[in-house]
Amino acid sequence: MIEIKNLHAKIGDKEILKGLNLTVKAGEIHAIMGPNGAGKSTLASVLAGREDYEVTEGTVDFEGADLLDLATEERAREGLFLAFQYPIEIPGVSNINFLRTAINEIREYRKEDPISAKDFMALVREKSKLVELDAKLASRSVNEGFSGGEKKRNEIFQMAMLNPKLAILDETDSGLDIDALRVVANGVNMLKSENNATIVITHYQRLLDYIIPDFVHVLYDGKIVKTGGKELALELEEKGYDWIKAELAN
Amino acid sequence: MTVIAHKKTALSSRLEATSISIANEDKALALGVLENTPLPTTRTEAWKYTRVARLGKIAFTNQEATISSIDKYNIDSSAPTLVFVNGHFSKELSSNDLPEGISWNLLSDMNAIPATKLKLENEVFNSLNTAHLTGGVQLTIAANVIVGTPVQILHIIKGTEVISNFKVIIDAGKSSQASVVQGYFSEDGENKFCNVTSEISLAENAVLSIDKVQYEDENSFHISTEEVSQERNSLFTINTSTLNGGLVRNNLHIKVNGTNCNSVLNGVYLMKNKQHVDNHTIVDHIAAHCESHELYKGVMDDKSTAVFNGKVFVRPDAQKINAFQSNGNVLLSDNATVNSKPELEIYADDVKCSHGSTTGQLDDEAIFYLRARGLSKRSAHQLMVSAFIGEVLDMIKNENVRSYVDGLLTERFGWE
Ligand SMILES: Nc1ncnc2c1ncn2[C@@H]1O[C@H](COP(=O)(O)OP(=O)(O)OP(=O)(O)O)[C@@H](O)[C@H]1O
Ligand SMILES: [Mg+2]
């Protein structure tokens, strides 16, 4: 699905990713954990194509394409989805209007016919139900006046609407109550198939009770420094990151 | 006797004095102003950012012209329509009748035009319009009549170095209610100049709304002055959409003479290339217990320039006034400029007024968010621009006008 090799990225003069390697195969769920400021969101942003970051070294292969060579929207059209850590509010832009445009531009890119209004509305109903997002919220301005939990649910709703190959969820679980967390996890699990993959960035093992990862990685100081199974998440939650820093120092 | 020679501009050199029966004093005064007053320069405060010197170099003529159809310009096709080409009435393209309760007279048919309410002293364009008036119409809305359908006035300017000094007079009778759609368009030719004045009065308790669409081409000059007066309990609304034009200047003056009036001024402007738009508005609160709401928003691309100057006066006796004014601008290019100046002059103490002005770019974070969902940069920009001006467009209550404006946005900016 995606193969990241020796990825270096900086913002301004500050190097944040310092030779990151990660391979995710179709059908897998990977969790990335790591202390604040380690570079987790930076990785997500670089993969999504945010222009503030400069990639100085490394390659990213996404389903055979050179991901770094594609514009942000082309990455999305190739099937990459990022659920933002801090989804922004866009007053005046209707959630479902922009999603219809997005879906149709993605379809056009794939040389498919546009979705009919009827099919689109059916899809909205189905997917908003899946993430228990009030249909009224679905049609309001993007995230405007949404609570924190509603914003995160809206990210999952959009993911469900776009049905990506690779979804990167950046702390979608942070700040959610247990009901919202269950809904988010449920959304991810329902969409899981052998053809797609998910990377969840999280600080909390709690999420991983609901979304069972195949691999857990530790991102520290711009690199993946440790990889394990789901038990690694438990260990990190219990012991923090100091032991990993100590291991690295040796 | 000495004749003092003034450096006259070419502007009116080839124009005949009007044959329309305007009041003799007005005509004399206007001709005098033209004789003695140079065109405003950027040293003239009210014209600081709008250069009209080019107009002084053109010897305009007023020719009649014909157009084949108004299909393209029919903003509200449900509305009875009066069509003017270069200021001259086109009987063939116009409706025969206006709705019950509205009577109309062509200015060229009238025996005596009422004395003008326009300021003529020092006002070259008002004087030009008055002294060389080409044509126009007076609409009179009878008292107590509620006119269900809007009336539409379309003006098309056509030809090279042609001028139209066009005038609209609207008298809204006591407790009447009506709406007027106005469209300004152009057809071929260079350096066309549409110089319009309107004199609009609302009697006690009258309700009048105007939807004005400006869509002349980039080879056109358009200067428009609306002199509005409101008597007590009246409600006046004007929505101005400027979507095309070379140089467009709108002077909108609203004199609120009576208590408990409501004045609503909305404007939207989208310009590109080297286009220039200038909205100068004055709301003059003379009486107490009134409200005014002003919202203008603009989107400027390429090397286009916009000016917004909004003045609100609250006179000493005008207590309990609520006056709100806001101007927002988005620049889509580094070369576009906006000069925005909202001004409040308050001489009463018990009032609630606010004004504000913003100029910025589209939010990069929002653009990235939308693109990350698969939208092209272009679609993302378009959505953001629509969202920005949507607030003003939503003020257009006439759905035919709204969809026509949406159509122009598609035509002009390639939107969907
Ligand atoms: N625009 C920016 N300018 C300068 N430094 C930045 C910028 N954005 C992020 N950084 C820095 O890059 C580093 C990595 O930030 P990043 O957001 O990727 O961390 P993170 O692992 O996602 O942290 P968290 O767990 O808090 O979300 C931090 O030191 C941060 O301060
Ligand atoms: Mg982060």
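If you're wondering where the values come from, they're calculated on a predicted model, not measured in any experiment. Each chain gets a letter, A, B and so on, in the order the sequences are listed, and its residues count up from 1.
Ion pairing between a basic and an acidic side chain is recognised when a charged N comes within 4.0 Å of a carboxylate O; E365(B) and R50(A) show such pairing.
Chain B forms the most heavy-atom pairs under 4.5 Å with one residue out of T101(A), N97(A), I103(A), and that residue is T101(A). Most heavy-atom pairs under 4.5 Å with chain A, from the set A380(B), A387(B), G374(B): that is G374(B). Ranked by heavy-atom pairs shorter than 4.5 Å toward chain B, the options G92(A), P91(A), P164(A) are led by G92(A). For the set G49(A), S94(A), A71(A), A102(A), the count of heavy-atom pairs under 4.5 angstrom toward chain B peaks at A102(A).
Considering OG1 of T72(A) and CG of L370(B), their distance stands at 11.5 Å, rounded to 0.5 Å. Here the CD1 atom belonging to I90(A) is positioned 8.5 Å from the CG atom belonging to L383(B), to the nearest 0.5 angstrom. The structure places CG of D52(A) at 8.0 Å from CG of D364(B), a figure rounded to the nearest 0.5 Å.
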Would R373(B) and F81(A) satisfy side-chain contact (heavy atoms from CB on, under 4.5 Å), going step by step from the backbone distance to the final call?
-> CA-CA 7 Å; R373(B) 298 294 178 253; F81(A) 180 89; 3.4 Å; yes
Working for salt bridge (Lys or Arg N to Asp or Glu O under 4.0 Å), residues R371(B) and E74(A) | CA-CA 9 Å; R371(B) 291 176 67 199; E74(A) 291 168 333; over 6 Å; no
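Aromatic ring pairs are classed by plane angle as parallel below 30°, tilted from 30° to 60° and perpendicular above 60°; the pair Y369(B) and F84(A) is parallel.
In the displayed structure, K303(B) atom NZ is contacted under 6.0 Å by at most 12 heavy atoms of other residues, nucleotides or ligands. Other residues, nucleotides and ligands place no more than 12 heavy atoms under 6.0 Å from the CD atom of E108(A). Remark: D66(A) CG is packed, more than 12 non-hydrogen atoms of other residues, nucleotides or ligands lying under 6.0 Å away.
The shortest heavy-atom contact between L375(B) and F98(A) is CD1-O, 3.5 Å.
If you measure heavy-atom distances from L162(A) to chain B, the contacts under 4.5 Å come from the side chain alone.
Remark: side-chain polar atoms of E105(A) are paired, donor with acceptor, to backbone N or O of S376(B) under 3.5 angstrom.
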